[in-house]
Undergrad: 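First the structure, which I've put down as structure tokens, then a few questions once you've had a look.
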Protein chains: 2
Amino acid sequence: MRHRLKDVAERAGVSVKTVSNVVNGYPHVRPDTRAKVEEAIAALEYRPNLSARNLRRGRTGIIALAVPEIGLPYFAELARHVVDAAAEHDWTVLIDQTNGSAEQERMVALGIRDHLIDGIIFSPLALTAADLATGSERAPMVLLGERVHHGPADHVAIDNVAAARDMTAHLIALGRRRIAAIGAQHTAEGVTARLRLAGYTAALTAAGLPVDETLIVPASAWHRTDGAAGMRALLATGTRPDAVFCFNDTLALGALRALHEAGLRVPDDVAVAGFDGIEDGRFSVPTLTTIAPDKERLAQVAVELLAARLADPDGAPPQERLVDYELRRGESA
Amino acid sequence: MRHRLKDVAERAGVSVKTVSNVVNGYPHVRPDTRAKVEEAIAALEYRPNLSARNLRRGRTGIIALAVPEIGLPYFAELARHVVDAAAEHDWTVLIDQTNGSAEQERMVALGIRDHLIDGIIFSPLALTAADLATGSERAPMVLLGERVHHGPADHVAIDNVAAARDMTAHLIALGRRRIAAIGAQHTAEGVTARLRLAGYTAALTAAGLPVDETLIVPASAWHRTDGAAGMRALLATGTRPDAVFCFNDTLALGALRALHEAGLRVPDDVAVAGFDGIEDGRFSVPTLTTIAPDKERLAQVAVELLAARLADPDGAPPQERLVDYELRRGESA
DNA sequence: AACGTTGAATACAACGTTGTAAAGAGCTGG
DNA sequence: CCAGCTCTTTACAACGTTGTATTCAACGTT
């Protein structure tokens, strides 16, 4: 049987509360008492029962990170940084996979698991502000990545429109004129896609270039395979673009693959740009030109916001924070 | 304020226990009573306090998955499958990052966080069987990936030696004779590395080929950057190999990159093989020939073993289970 | 009509912890 | 030597849930 405070107390010859005081670092404990208690703790290998502690304290020390898919490099890298940032607060991170389904995201937003978590960092794919309308009492939430306009929760993101505009402008500056985009989503859900598309068209328009609908390729998901399929579709039309802006890096890696199979050279024949700054892009052949958000900072800010909200639930009105990004040049564009 | 069983009970005009019975699906509840209670639950948006439930039941419904780094594709993909498999048991997965440090792994093994988790699936990098010696009472543990010889816990893995032998034999069958290996680790910790190296040398010996120490390149970590560095080091010696067996896929991707930078063609000049079957390898240029363990099955078996151990802690003696792998041919070898 | 049997609902205690309030111990200064 | 401190330790209750034992009602059987 596992040991409890009571067992430690009996062995040390003190009260249960004194042991609790030692465990929690309460200052007014005589050194010799403390020593006795610590001896007993060590001898019995006592470890607090967190369920009981949580029940009593009303906090669990666990925060959730909800992402579409933990297997995707971007989210995996993000998760790593969130785990690191949360460790600073002695928080444990529980990872929730929503698979990008509105259904599962709604469950997360509704706090199906609240009472188990103190707060949640949520990277929604499909949900809109309306879905997020806070019910009466819910664990504090920080939204990542999307600009859910004036949603009811704190929010951290990069400026997707500006970043997409920058990247497109970069391609234009390289002398490219027929610039395709892969990853458009015309559904209500594709918030990110819409923002990046907006930046793309803005840059084209600013440069006096036409927005050619046939160069805008939709992708329901943003996996490598979708990027490859999109690129193949584009090439199949016969009108070859001289550059492709993919709305994330995995799409871009898929596109690189399809271009390679088609016998086209990157960037000579077609320049390729991505978005997300994942590690893979630094080692692909060719290396990827991409928008690299400061993921570490993103995670830090998210955790900070959550901490503030936890300390004072009704403190400030919902915050909107922007995090820097960098246009990282690789060989692909 | 959040609602409790008591609030629901008052609203429905029944006892607290009756509400609890409804919540838990206890069969002997009259339909009209059940209806009243369910109405109250819905109206108050009642959700059970899991801390209290856990305290009472002695279970938390949470299992931990401890991996070196969640940002690495292999572990990210594995995590995805574990989360899916755990969902079948209504378990939530908490991901622990050990960063491959023996220190942090020991903490996990010692169950620093037990009492919060019902069990743990552990993919150790640095720990040996000795470190894992179970203390008196600890959450059930399933080991992943390494053959910690007759450790005290259940264990799932693929046959690393056989897989490495197969891959090396494959390279030999392609007509390669100077086959390098990247990823060797001569420290006590590198169990996996040692097994894969054993398979490699076994295949060479079986084919009557010499084991050339200068072709065996160590790598302290197995990231892309280490693979690139290893490959460069290999090329710098002046004696070019005609094939490279990298002990995991990220090393291989790094090696591909370094070969590309050196102006060498893959597989014409140098064949490259990896290990792990990560998604990236299907889209790299060239695509990667690799050992692809059945990760989904691996996760399923691990979860099953944990479930069995949880149901009956002292049931069977520690199990050793092997999971199939596949030599997946890509363009690189 | 008394009986056991089954079904439905309840009261109570317990899970292990910590906050509160209060008691005990040891000290200082008058 | 006692009043009035401060420091240390304690008893008790409470967090919200569920298992056990119990009560109460309704039913069919003899």
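Hydrogens, waters and symmetry mates are skipped; everything else that's a heavy atom, side chains included, is used. Not measured: the values here are computed from a predicted model. The chains referred to below are lettered A, B, ... by the order of the sequence lines, with proteins before strands, and numbering in each begins at 1.
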Undergrad: Using atom CG of A/Leu55 as one end and atom C1' of D/dT18 as the other, report the distance to the nearest whole Å.
TA: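 About 13 Å, once rounded to whole Å.
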
Undergrad: For DNA chain D, whose closest nucleotide is more 5', that of A/Pro27 or that of A/Lys17?
TA: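 Per heavy-atom nearest nucleotide, the more 5' residue is A/Pro27.
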
Undergrad: Between atom CG in B/Asn54 and atom P in D/dG19, what is the gap in whole Å?
TA: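 These atoms are roughly 13 Å apart.
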
Undergrad: Could you state the CG-P distance from B/Leu44 to D/dG16, rounded to the nearest angstrom?
TA: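 Between P of D/dG16 and CG of B/Leu44: 14 Å.
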
Undergrad: Can you tell me the distance, in whole Å, between the NZ atom of A/Lys6 and the C1' atom of C/dT18?
TA: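 In whole Å, C/dT18 C1' and A/Lys6 NZ are 17 Å from each other.
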
Undergrad: Going by heavy atoms in the side chains, are A/Ile62 and B/Ile62 under 4.5 Å from each other?
TA: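 Yes; the side chains approach each other to less than 4.5 Å.
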
Undergrad: Tell me whether the rings of B/His28 and B/Tyr26 are parallel (<30°), tilted (30 to 60°) or perpendicular (>60°).
TA: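 Aromatic pair B/His28/B/Tyr26 classed perpendicular.
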
Undergrad: Taking only side-chain nitrogens and oxygens of B/Thr18, does any of them come within less than 4.0 Å of OP1 or OP2 of C/dT10?
TA: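 So the side chain of B/Thr18 is within the cut-off, an N or O lying under 4.0 Å from OP1 or OP2 of C/dT10.
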
Undergrad: For residues A/Met141 and A/Leu143, determine if any side-chain heavy atom of one lies less than 4.5 Å from a side-chain heavy atom of the other.
TA: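 They are in side-chain contact.
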
Undergrad: Taking only N and O in the side chain of A/Arg30, is any of them less than 4.0 Å away from OP1 or OP2 of D/dT8?
TA: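 So the side chain of A/Arg30 is outside the cut-off, no N or O lying under 4.0 Å from OP1 or OP2 of D/dT8.
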
Undergrad: For D/dT18, take OP1 and OP2 only and decide whether either is under 4.0 Å from a side-chain N or O of B/Ser20.
TA: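 Looking at the OP1 and OP2 atoms of D/dT18, one of them is under 4.0 Å from a side-chain N or O of B/Ser20.
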
Undergrad: Phosphate oxygens OP1/OP2 of C/dA9: is one of them under 4.0 Å from a side-chain N or O of B/Thr33?
TA: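 Checking B/Thr33 against C/dA9: at least one side-chain N or O falls below 4.0 Å of OP1 or OP2.
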
Undergrad: Under a 3.5 Å cut-off for both contacts, is D/dT17 paired Watson-Crick or G-U wobble with anything, and if yes, with which nucleotide?
TA: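 Partner of D/dT17: C/dA14.
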
Undergrad: Please determine if a side-chain N or O atom of A/His28 lies less than 4.0 Å away from the OP1 or OP2 oxygen of D/dC7.
TA: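 False: A/His28 side-chain N/O out of range (4.0 Å or more) of D/dC7 OP1/OP2.
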
Undergrad: Please report the distance, rounded to the nearest Å, between CG in B/Asn21 and C1' in D/dT17.
TA: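 B/Asn21 atom CG is separated from D/dT17 atom C1' by 12 Å.
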
Undergrad: Does the side chain to side chain contact (heavy atoms under 4.5 Å, CB included) test come out yes or no for B/Val14 and B/Val22, once each step is laid out?
TA: CA-CA 11 Å; B/Val14 299; B/Val22 170; over 6 Å; no

Undergrad: Report yes if a donor N or O on one partner sits less than 3.5 Å from an acceptor N or O on the other, where the partners are the side chain of B/Arg56 and the base of D/dT18; otherwise report no.
TA: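 Yes, a donor-acceptor pair under 3.5 Å.
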
Undergrad: CZ of A/Arg59 versus P of C/dG16: gap in Å, rounded?
TA: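 About 24 Å, once rounded to whole Å.
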
Undergrad: Could you tell me whether B/Val14 contacts a base, only the sugar-phosphate backbone, or nothing, with contacts defined as non-hydrogen atoms closer than 4.0 Å?
TA: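 Sugar-phosphate, no base atom in range.
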
Undergrad: Just wondering, more than 12 heavy atoms not from B/Glu39 lying within 6.0 Å of its CD?
TA: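 Correct, the count exceeds 12.
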
Undergrad: Go through the steps for B/Arg309 and B/Asp154 under the test side chain to side chain contact (heavy atoms under 4.5 Å, CB included), then give the verdict.
TA: CA-CA 9 Å; B/Arg309 198 55 69 182; B/Asp154 293 325; 2.7 Å; yes

Undergrad: Does the side chain of A/Asn24 get closer than 4.0 angstrom to OP1 or OP2 of C/dT18 through an N or O atom?
TA: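 For A/Asn24, the contact criterion (side-chain N or O under 4.0 Å from OP1 or OP2 of C/dT18) is met.
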
Undergrad: When you measure from the side chain of A/Leu5, which nucleotide among C/dT18, C/dA9, D/dT18 comes out closest?
TA: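 Among C/dT18, C/dA9, D/dT18, the one nearest the side chain of A/Leu5 is C/dT18.
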
Undergrad: Could you give the OH-to-P distance, from B/Tyr26 to C/dA9, as a whole number of Å?
TA: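 My rounded result for the distance is 10 Å.
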
Undergrad: To the nearest angstrom, how far is B/Asn49 atom CG from D/dG16 atom C1'?
TA: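 That distance rounds to 6 Å.
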
Undergrad: From the options D/dT17, C/dG16, C/dT10, select the nucleotide whose nearest atom is closest to the side chain of B/Ser15.
TA: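 Among the listed nucleotides, the one closest to the side chain of B/Ser15 is C/dT10.
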
Undergrad: Would you say D/dT17 has OP1 or OP2 under 4.0 Å from some side-chain N or O of B/Tyr46?
TA: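 Answer is yes, contact under 4.0 Å.
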
Undergrad: Verify the contact: side-chain N or O of A/Arg57 to OP1 or OP2 of C/dT17, cut-off strictly under 4.0 Å; return yes or no.
TA: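 Looking at the OP1 and OP2 atoms of C/dT17, neither is under 4.0 Å from any side-chain N or O of A/Arg57.
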
